[in-house]
Q: 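Have a look at this one.
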Amino acid sequence: MPFRRAVYPGSFDPAHYGHIDIVTRAARAFDEVYVAVYDRPAKKLLFDFKERVLMLEMALKDLPNVKVASYGGLTVDYAKKIEAFAIIRGLRVFSDFELEFRMALANRRLAPEIEVVTFIADERHLHISSSTVREIASLGGDVSSMCPPFVVEALAAKFHEHKQSGEERDYVISLGD
Ligand code: ADP
């Protein structure tokens with residue numbers, strides 16, 4: 001079998017146990033996995049690029065065939081550059097499916113030689129998303145079952161910082177209503 005590298009792209013703002021579960025599964029299926037942090041997604045970010053990379057590095061340090069990297073521009077261009085065989089995505093709920101399906105077809109049009117491989121989330125992590133984690137943490141809730149301790153600490157520090165500077169909580173979506 002030829003050496004097979006995969007790339008797992010995302011915003012990871014911040015990394016949580018759902019992401020870690022998908023990387024762990026991908027690391028078993030591929031020779032090497034690049035977890036690729038998209039530097040400037042079209043979403044408002046809580047953590048800057050360096051913070052997101054650092055938290056992933058800490059979370060994945062025990063997986064020897066996983067590397068944390070970063071990129072900008074098209075995911076398929078980055079995948080080609082690192083000679084990846086596949087782009088990895090995680091699926092939680094049916095609503096993920098439509099978006100992922102459309103993205104996979106668009107990526108295939110752009111780069112037919114690169115496969116999109118999806119892994120199904122562990123049922124314990126189905127409800128976790130970075131936005132839910134941010135929202136709960138911003139309202140002082142306990143997110144320790146959703147992300148590693150250093151992410152919990154980083155969230156607390158970030159929201160403390162925001163409170164001190166009087167920054168708006170415009171990343172809050174619904175749980176505080
Ligand atoms: P993006 O901005 O590309 O959606 P995310 O960081 O939100 O980046 O997610 C990266 C990938 O991880 C996506 O494929 C997403 O579906 C998947 N993912 C997010 N949360 C979970 C979870 N709880 N379980 C499994 N996969 C997940």
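Given the structure is predicted, the values throughout are model-derived calculations rather than measurements. Counting convention: from 1, in listed order, for ligands and their atoms alike.
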Q: Evaluate H125 for polar contact with ligand 1, using N/O atom pairs at a separation under 3.5 Å.
A: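 The answer is yes, given that H125 and ligand 1 share an N or O pair closer than 3.5 Å.
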Q: At the 4.0 Å heavy-atom cut-off, does Y38 count as touching ligand 1?
A: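 Not so, Y38 does not reach ligand 1.
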Q: Does R89 reach the side chain of P9, with side-chain heavy atoms less than 4.5 Å apart?
A: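 They are in contact (side-chain heavy atoms under 4.5 Å apart), so the answer is yes.
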Q: Using a 4.0 Å cut-off to any heavy atom of H16, which atoms of ligand 1 qualify?
A: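 It comes down to these atoms of ligand 1: 20 (N), 21 (C), 22 (C), 23 (N).
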Q: Less than 3.5 Å between some nitrogen or oxygen of S130 and one of ligand 1, yes or no?
A: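 N/O-N/O distance below 3.5 Å does not exist for this pair.
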Q: For residues 65-76, which residue pairs pass the side-chain hydrogen bond (donor to acceptor under 3.5 Å, both in side chains) check, not counting sequence neighbours?
A: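 Residue pairs passing side-chain hydrogen bond (donor to acceptor under 3.5 Å, both in side chains), neighbours aside: E32-K67, Y71-T75.
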Q: Look only at the side chain of D96 and the backbone of R92, and say whether a donor-acceptor pair between them is shorter than 3.5 Å.
A: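 Between the backbone of R92 and the side chain of D96 there is a qualifying donor-acceptor contact (under 3.5 Å).
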Q: Residue-level breakdown please: for R92 versus ligand 1, do any non-hydrogen atoms fall below 4.0 Å on the side chain, on the backbone, on both, or on neither?
A: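 It is the side chain that touches ligand 1; the backbone stays farther off.
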Q: Which ligand 1 atoms are under 4.0 Å away from a heavy-atom of I22?
A: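 Near I22, meaning under 4.0 Å from one of its heavy atoms, ligand 1 has 25 (C), 26 (N).
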Q: What I want to know is whether S129 and ligand 1 share at least one N or O pair that is separated by under 3.5 angstrom.
A: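 The answer is no, given that S129 and ligand 1 share no N or O pair closer than 3.5 Å.
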Q: In ligand 1, which numbered atoms sit nearer than 4.0 Å to a non-hydrogen atom of E100?
A: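 In order of number, 14 (O), 16 (O).
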Q: I'd like to know if R25 pairs up with D21 as an ion pair, taking the criterion as any Lys NZ or Arg NE/NH1/NH2 lying under 4.0 Å from an Asp or Glu carboxylate oxygen.
A: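 A salt bridge is present here (some side-chain N lies under 4.0 Å from a carboxylate O).
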Q: Just heavy atoms, cut-off under 4.0 Å: does H127 contact ligand 1 by side chain, backbone, both, or neither?
A: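 Under 4.0 Å from ligand 1, H127 contributes no heavy atoms.
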Q: Of P9, G90, G10, S11, which has the heavy atom at the shortest distance from atom 16 (O) of ligand 1?
A: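 The nearest heavy atom belongs to G90.
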Q: Ignoring hydrogens and angles, tell me if any N or O in the side chain of T132 forms a donor-acceptor pair with the backbone of I128 under 3.5 Å.
A: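 It does not hold such a pair.
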Q: Quick one: ring-ring contact (aromatic ring centres under 6.0 Å, His included) partners of Y8, sequence neighbours excluded?
A: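 Applying ring-ring contact (aromatic ring centres under 6.0 Å, His included) to Y8 gives F12.
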Q: Mind checking whether F12 has an N or O less than 3.5 Å away from an N or O of ligand 1?
A: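 Yes - when backbone and side-chain N and O of F12 are compared with those of ligand 1, one distance drops under 3.5 Å.
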Q: Quiz question: by atom type and distance under 3.5 Å, do the side chains of S11 and D13 form a donor-acceptor pair?
A: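 Their side chains do not contain a donor-acceptor pair, so the 3.5 Å distance test is not met.
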Q: Minimum heavy-atom separation for A69 and Y34, please, with both atom names.
A: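 Looking at all heavy atoms of both residues, the closest pair is CB-CD2, 4.1 Å.
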Q: Purely on distance, is any nitrogen or oxygen of D96 under 3.5 Å from one on ligand 1?
A: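 No, there is no polar N/O contact under 3.5 Å.
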